[in-house]
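Below is one structure, written out as C-alpha cells, with a few remarks after it.
In what follows, every chain begins at residue 1, and chains take the letters A, B, ... in the order their sequences are listed.
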There are 2 protein chains.
Amino acid sequence: MEYSFNFGASVSRVVLEREMPSIETILKDAKAETGLSCWPFLVCDANTEPLAARMAGSGEVLRCVLPPGEKNKGWASVETILRQAREAGLARDGLFIALGGGVISDMTAFAASVYMRGARLALVSTTLLGMVDAALGGKTGFDLFDIKNLAGTFFPASLVYMPLESLETLPRGEWKSGLAELIKTAVLDKKDGKGEFLSLLSALREGFLTYEKPGDFLAARYETILDCISRSVLIKGRIVEADPRETGTERALLNLGHTFAHALESAAGLGRISHGEAVAWGMARAGELGLALGITPPEREKTIRALLGSYGYEISAPHPLIRDREFFLRALEGDKKKKGGRLSFIVPAREGAEMVYMDTSAGPGEKFRGSIFDRLLLQHIIDGEFLEKQQ
Amino acid sequence: MEYSFNFGASVSRVVLEREMPSIETILKDAKAETGLSCWPFLVCDANTEPLAARMAGSGEVLRCVLPPGEKNKGWASVETILRQAREAGLARDGLFIALGGGVISDMTAFAASVYMRGARLALVSTTLLGMVDAALGGKTGFDLFDIKNLAGTFFPASLVYMPLESLETLPRGEWKSGLAELIKTAVLDKKDGKGEFLSLLSALREGFLTYEKPGDFLAARYETILDCISRSVLIKGRIVEADPRETGTERALLNLGHTFAHALESAAGLGRISHGEAVAWGMARAGELGLALGITPPEREKTIRALLGSYGYEISAPHPLIRDREFFLRALEGDKKKKGGRLSFIVPAREGAEMVYMDTSAGPGEKFRGSIFDRLLLQHIIDGEFLEKQQ
C-alpha cells in the first residue's frame, strides 16, 4: 500500500509493505523525486544493524551505529550522526536513511534537518510505535535536560517505509508500547461512528496476550495488524495535513494522553517506562479529566478504560513510578504544549477528541495566579482520588 | 524606516532607526502580530550586555550572557541558551530576543528554532555585519567540527531591529567586516546600472580610513551609512523572498565570495580572520574565476578589486593565513553549497552575479573523477598564479 501526504511545503510518501526496502529501491524512489545524485548514509542501532546489512545487499552503504534506547536520545548521539555524515563527505543533497524505531528516526530526522540547514531524509520504521506514530508527520527531536524532545524541528521525510516483516522480531514490550498509540489513534477517529477501529483492537488483544514465539502474533494476525496500521497512517496523515506545524488546534489532538504521559516519563526518569505504556496511563487520566469537565461521555470513558485494562496497561493512579507528586506537577507544568501560561490537554469527546486548557500557571519568579480549581482537579486525578470518588 | 518581507510562510518586519528599541516596544510589536502573551528572554554577550540594561529600562528581563566571538559559536553556547530558557520556564510562545552581531543572532535564532520545535524570535542587530547580512533572511546556525554553520535551520525572525546608534561604539575591525558584505551586496544589485551603490561605498572610504574616535564615522556620514544599509536590506530581502530556503539558484547569489571565504576561515582556524575580510578576499578570487570563465567583464573585475583594495582588505593570493593548500582545497570541497558532487561559485557578471559549477568531486572512498581543468584553475587562483599571468 502507498499513501501520499502534503505536510505544508513537503510531500511524504508512505510505503506500507511486508518486505524491507533495499537500499537500491530507496535510492530509486528518492531520485525519482528530485533527479539528484546522492549518497545514502544509514543510521541504525545495535538492534537494527542486522537489517542494515540485509538492505545493503551486495552493495555498500555508509553506516552509523548508535547505542540503542531512550537513554541515548541526546545531543551526544545527534552529534555522532552529524560527525559521521560530515566525515563521509555528505553534501546538502545527501540522503540520510534512518533504520529503527522512534528514537533512531527522531534523532536521524533532527540531524538531517539541521545538517547544512537541511539534507534529504528517508525513514525505515521497524517498530509498531514508529509506524503508528514517530515516523509520520515530520516531528524530530532529542531529549535535553531530562525533557523529552525539548529540542526538535518539523522536517517531514520525503519517504517513509513501514516493512511489516521487521515486526517479526519485535519484543513484547515494544508491541505493547505501539498498541497504546494505536488505541489512541482509534479514539481520535471521528469517522469511526460504529467503533470499528476500537473493535479491531479489541479483537487483537487475545492474540497479543497469548502468543508464544516472536513472529507468531504477526503471522497469525497479519491482515488485522496491517489494517490497523493502515487506518492509523491515514488518520494521523490527515490530521497532520490539516495542521502540519501544530500552529492550529488540529494536530494537537494527536497528543491525547501525552501531557500526562510526558510528565510521567520525566518523573519516572527517561527510559524507565515505555512511551506507549506512559501514553496508556495518560489516556486513562485524560478520560477522567474529560469526565470531570463533562466532555467525555461516561460510556466512552468506560470503553477506553476497559480496552486499556484488557491489554494489561498500568492505568491506576497514583502511578507506582511517581514518587514525588510535586515533581510530577512541575514536569506537567513545563510541558511543551503550554501556551500563554496555560496547559492544554486532549480529552476524548463524543466523537474523536477535544482540547481543553487548564490554568495552573505562574510566571517566572511570580506567584501562583492560575485557577485553584484546575490545580486541585489535576492533583485529584494524579493521586487517584478522583477515581475513588467516582466508584 | 520599516520594511516587510515574506520569507515563505513567515513575515519578517525590519525596523531601521537611530534608537535602540526598548523591551516594551518589542513586546508591543510582537504582541500586535499574534495576540499571545509571552515572556521575553534576552540573549547577549559581554559586549552587548550594557545595551540590554538600557533596553530593559526600569523593567526586568530574563537575560542569558554568552562569551563573545566566533570561537564560542558552538553547541556549548546553544545549549546554554536552551538550558537558561528552560530554567526560566519559557514556553513555546515565549519570545527569544537576540541582542548582538551575527554570532549572537545566528545562535539565538537556532536555539529559538529548535526550542520545543520553534518559539518566537526577535533580533536586535548591533553590528554592521549583522544588519547587512546575518539578521535578515532566516539563516541560523552554529559551528561544528570546525565547519562554519555546519548545523543550522531556516527560521526567519518575525521582528528585526537595526538601531544605528548601536554602531557608535563599533570597533574598526567590525566596521571593516561589515563593509565587505555591503560591497558584496552592491555588486549583486542588478538594478544598479549606473553603479550608484558602489559609488556610495567608494565615497564612504575616506571617512572610514581617517576617523579618529569611535562614533565619529557614524556621526559624520550618518545619512550615507543609513542609505547603504537600507539599500542592502532591500536587495537582500528581495533575493530571499524569491528563494527563501535556497532551493533555487536565486538566494545562492548572496554567497558571492563565500565559497572561498568559508574555506579560508576554516583553513585559518575559525575566528582568526573576520568574516568580512574573508569575504573580501573571496570576492577577489570570485572575480578572477569569473574572468577566467569569461563571465566577469574585465572592467567590472577591476572596479571591484580596486574598491576592495582601497578599503585595505587583504586580497592577494596566496592568502598569508593559508599554510596548507591541500587543507584549503579539502575545506573548499566540503562546502555546504556542494550539490551532486559539484561545487558552486558565484561570480560577478555584467549585471549582478551568476552561479557557476566547478567539478572537483570525488565520492566517499572513490577516486577523483571531477574535471582536471576545474581543479587546476582553482589551484591557480588560490596560489595567485592566475593573477600573475594576468598582469
Interchain contact, [X] with chain A, by part (heavy-atom threshold 4.5 Å):
{"X": "B/E79", "result": "both"}
{"X": "B/F142", "result": "side chain"}
{"X": "B/L82", "result": "both"}

Practice prompt. Name the region of A/S113, side chain, backbone, both or neither, that has any atom closer than 4.5 Å to a heavy atom of chain B.
Written response: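 A/S113 touches chain B through backbone heavy atoms alone.
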Worksheet item: Around B/N6, counting heavy atoms of other residues, nucleotides and ligands shown, do more than 12 lie under 6.0 Å from its CG?
Response: yes
Worksheet item: Taking only residues two or more places apart in sequence or in another chain, which ones pass salt bridge (Lys or Arg N to Asp or Glu O under 4.0 Å) with A/D133?
Response: A/K236
Practice prompt. Under the salt bridge (Lys or Arg N to Asp or Glu O under 4.0 Å) rule, collect the residues that match up with B/D106, sequence neighbours excluded.
Written response: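 Testing B/D106 for salt bridge (Lys or Arg N to Asp or Glu O under 4.0 Å), a comparison that skips the adjacent residues, returns B/K73.
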When rounded to the nearest 0.5 angstrom, what is the spacing between [atom1] in [X] and [atom2] in [Y]?
{"X": "B/R86", "Y": "A/L150", "atom1": "CZ", "atom2": "CG", "value": "6.0 Å"}
{"X": "B/Y115", "Y": "A/L144", "atom1": "OH", "atom2": "CG", "value": "10.0 Å"}
{"X": "B/F155", "Y": "A/R117", "atom1": "CZ", "atom2": "CZ", "value": "14.0 Å"}

Worksheet item: How are the rings of B/W75 and A/W75 set to each other: parallel, tilted or perpendicular (split at 30° and 60°)?
Response: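 Rings of B/W75 and A/W75: parallel, under 30°.
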